[in-house]
Structures are given as C-alpha cells and as structure tokens.
Amino acid sequence: MKKRILSGLAVVGSVVTAAVPSFAAATLDFTGVGTAVTAELSPAIAAAMPIAGTILAAGIAWKLYKKFTK
C-alpha cells in the first residue's frame, strides 16, 4: 500500500514539475489595471472620508455620553 502511495506521489510530482514552465509565460497583462483602479477609487475615497469621519465621531460621542451618564 505504501509503495502505491509513493509511486502515485512520484507520478503527480513529475506531472506538476512538467507543467510548471507553462506558468512562466504571462498570458494577461494587468499593468494598466492598477493605474485605472487607483484613478477611479481616489475620488471615491476622498468623498467617503468626511462621511466616515462623521460616523466615527458620532460613535465616539455616543460611547462617551453613555459612559458619563451612568
């Protein structure tokens, strides 16, 4: 049984090592995607920051209110 498992692992290992060079060639070029995503997200993040700050301040104020009114 151990010999079968070992031989099966050897076969799988040889197939994997034979397939590794096929992953070396880049099939898709994503160099422009990072720039495009950053260009789209920067205004959205700039618009969301005041809203997030307001929500954060309201949460902190609520916790302070609850703490000091006990």
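Index from 1, following the sequence. Nothing here was measured: the structure is a model prediction, and the numbers come from that model.
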Out of curiosity, does [Y] fall in the hydrophobic cluster containing [X] (side-chain heavy atoms, cut-off under 4.5 Å, transitive links)?
{"X": "Leu56", "Y": "Leu64", "answer": "yes"}
{"X": "Leu41", "Y": "Val33", "answer": "yes"}
{"X": "Val37", "Y": "Ile45", "answer": "yes"}

